2 protein chains.
Amino acid sequence: MEVTVVDAQTAEVRAAAKKIITVPPDSFALCPVRDILDRIGDKWSLLSILHLGSTESLRFNELRKRIDGISQRMLTVTLRGLEADGLVTRTVYAEVPPRVEYALTELGQSLLGAVIQLGNWAAVHAPAIAEARQRMTLAAA
Amino acid sequence: MEVTVVDAQTAEVRAAAKKIITVPPDSFALCPVRDILDRIGDKWSLLSILHLGSTESLRFNELRKRIDGISQRMLTVTLRGLEADGLVTRTVYAEVPPRVEYALTELGQSLLGAVIQLGNWAAVHAPAIAEARQRMTLAAA
DNA sequence: ACCTTTGGGTTACCAAAAGTAACTATTGGC
DNA sequence: GCCAATAGTTACTTTTGGTAACCCAAAGGT
């Protein structure tokens, strides 16, 4: 007979993870995590949220300059997606040349907290990950 | 002259966001967030981490059954990626039929915390997002 | 009068990634 | 001698991500 010893903290984290992955049968066949990750889990959404979260509001090209490497089209697509999910607002001013301001909604602000956690994790553990990758690359060669 | 009033908490969050998006010039042209999100920001990685985090360890097909909708190939690809980044371990037992166990590493466990935050956010705000989407869909029609 | 610039896009096109279906290896049991 | 079970791989298709070029309207230069 095997006895597994799990400390209290680990058990708690496991329970939390289990809870999240549980699919509620009343939702339309997808758990919330799936659903939300599909939107914000792409290459640019979280970065856009971080940049918009770092200030009051940003114009289209301001944002474009700050998010290094993003193309005009991808920024448009990303922002429209975030807007559709109620995470950012898009305010068009009827001027020439046009002016469009983007800002986080309250919902977007609330997401920012969780995203910052993830960002901090990334910053802290980047060296460990770089090392792991190195090991893998060397092992493959 | 315009005066902007920002409460202390908002200012703190903004500073945190700003810090994360800052690109350290000594890294190879990418900030850590970019780098890590490229790996874990795909459709299946975070879900795999959540499932692996909800228990001790899982076999390939156990995991496959739990992650609804994932294909054999995508699970392989995802797990190999996570393994390469040192987030999961892959243990092969020389048996027939073969047995392969996947488990989170310590690094993976540490990420689990941040992921659970995000998952909780998703669970809490899923209704608000669904509502925003509905509004958008109706407005477009 | 004409050309350029400016800001925020869109369209047409192409490459890369995700996804699907069928195939493989191994061997104990029938 | 054939089938089932596990953990994949390979070949192929579809979807998505990404690039480059174009559009609009008015202001400013020459």
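No experiment lies behind these values; they were computed from the predicted model shown. In what follows, every chain begins at residue 1, and chains take the letters A, B, ... in the order their sequences are listed.
- Between A:R66 and A:E62 there is no salt bridge, since no side-chain nitrogen of the basic residue lies less than 4.0 Å from a carboxylate oxygen of the acidic one.
- In this structure, A:E101 does not pair ionically with A:R90, as no charged nitrogen and carboxylate oxygen lie closer than 4.0 Å.
- For A:N61 and C:dT6, the CG to P distance is 11 Å, given to the nearest whole Å.
- Between the CZ atom of A:R64 and the P atom of C:dT6 there is a distance of 13 Å, rounded to whole Å.
- Residue A:D42 contributes atom CG, which lies 13 Å from atom C1' of D:dG18 at whole-angstrom precision.
- At least one donor-acceptor pair under 3.5 Å links the side chain of B:S54 to the backbone N or O of B:H51.
- DNA chain D is contacted by B:R80, B:R90 of residues 79-96 of chain B, taking any non-hydrogen atom closer than 4.0 Å.
- The nearest whole Å value for the distance from the CZ atom in B:F60 to the P atom in C:dA25 is 18 Å.
- One can place CZ of B:R99 at 17 Å from C1' of C:dT27, the figure rounded to the nearest angstrom.
- Proximity of a side-chain donor or acceptor of B:N61 to a complementary backbone N or O of B:R64 within less than 3.5 Å is not detected.
- Looking at A:T105, its side chain never comes within 3.5 Å of a backbone N or O of A:T89 through a donor-acceptor pair.
- One interatomic measurement links the two molecules: CD1 of B:I67 to C1' of C:dA18, which rounds to 15 Å at whole-angstrom precision.
- Rounded to whole angstrom, the span from the CG atom of B:L58 across to the C1' atom of D:dT6 amounts to 15 Å.
- A:E62 has its CD atom 14 Å from the C1' atom of C:dT6, to the nearest Å.
- Residues A:L104 and A:V92 fall within the same hydrophobic cluster, defined by Ile, Leu, Val, Met, Phe, Trp and Tyr side chains chained together at heavy-atom separations under 4.5 Å.
- A:L47 and A:V77 fall into different hydrophobic clusters, where Ile, Leu, Val, Met, Phe, Trp and Tyr side chains are chained together by heavy-atom contacts under 4.5 Å.
- For B:T76, counting side-chain heavy atoms from C-beta on, the closest listed nucleotide (D:dG8, C:dA18, D:dA7) is D:dG8.
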List, with names and distances, any nitrogen or oxygen atoms from the protein found under 3.5 Å away from nitrogen or oxygen atoms belonging to nucleotides 19-24 of chain C.
from: C:dG19; atom 1: OP1; to: B:K43; atom 2: NZ; distance (Å): 2.8
from: C:dG19; atom 1: OP2; to: B:W44; atom 2: NE1; distance (Å): 2.7
from: C:dG19; atom 1: N7; to: B:R73; atom 2: NE; distance (Å): 3.3
from: C:dG19; atom 1: N7; to: B:R73; atom 2: NH2; distance (Å): 2.7
from: C:dT20; atom 1: O4; to: B:R73; atom 2: NE; distance (Å): 3.1

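- Once rounded to the nearest 0.5 Å, the distance linking CD1 of A:I20 with NZ of A:K18 reads 13.0 Å.
- Taking side-chain N and O atoms only, A:Y102 has a distance below 4.0 Å to OP1 or OP2 of C:dG9.
- B:G53 and B:L112 make their closest contact through CA-CD2, 3.6 Å (heavy atoms, listed as atom of the first residue, atom of the second, distance).
- No more than 12 heavy atoms of other residues, nucleotides or ligands shown are found within 6.0 angstrom of CD on B:Q9.
- The backbone N or O of A:W44 lies less than 3.5 Å from a partner atom in the side chain of A:D42, making a donor-acceptor pair.
- Counting only Watson-Crick or G-U wobble pairs whose defining distances are both under 3.5 Å, the stems of 3 or more consecutive pairs in DNA chain C are C:1-30 with D:1-30.
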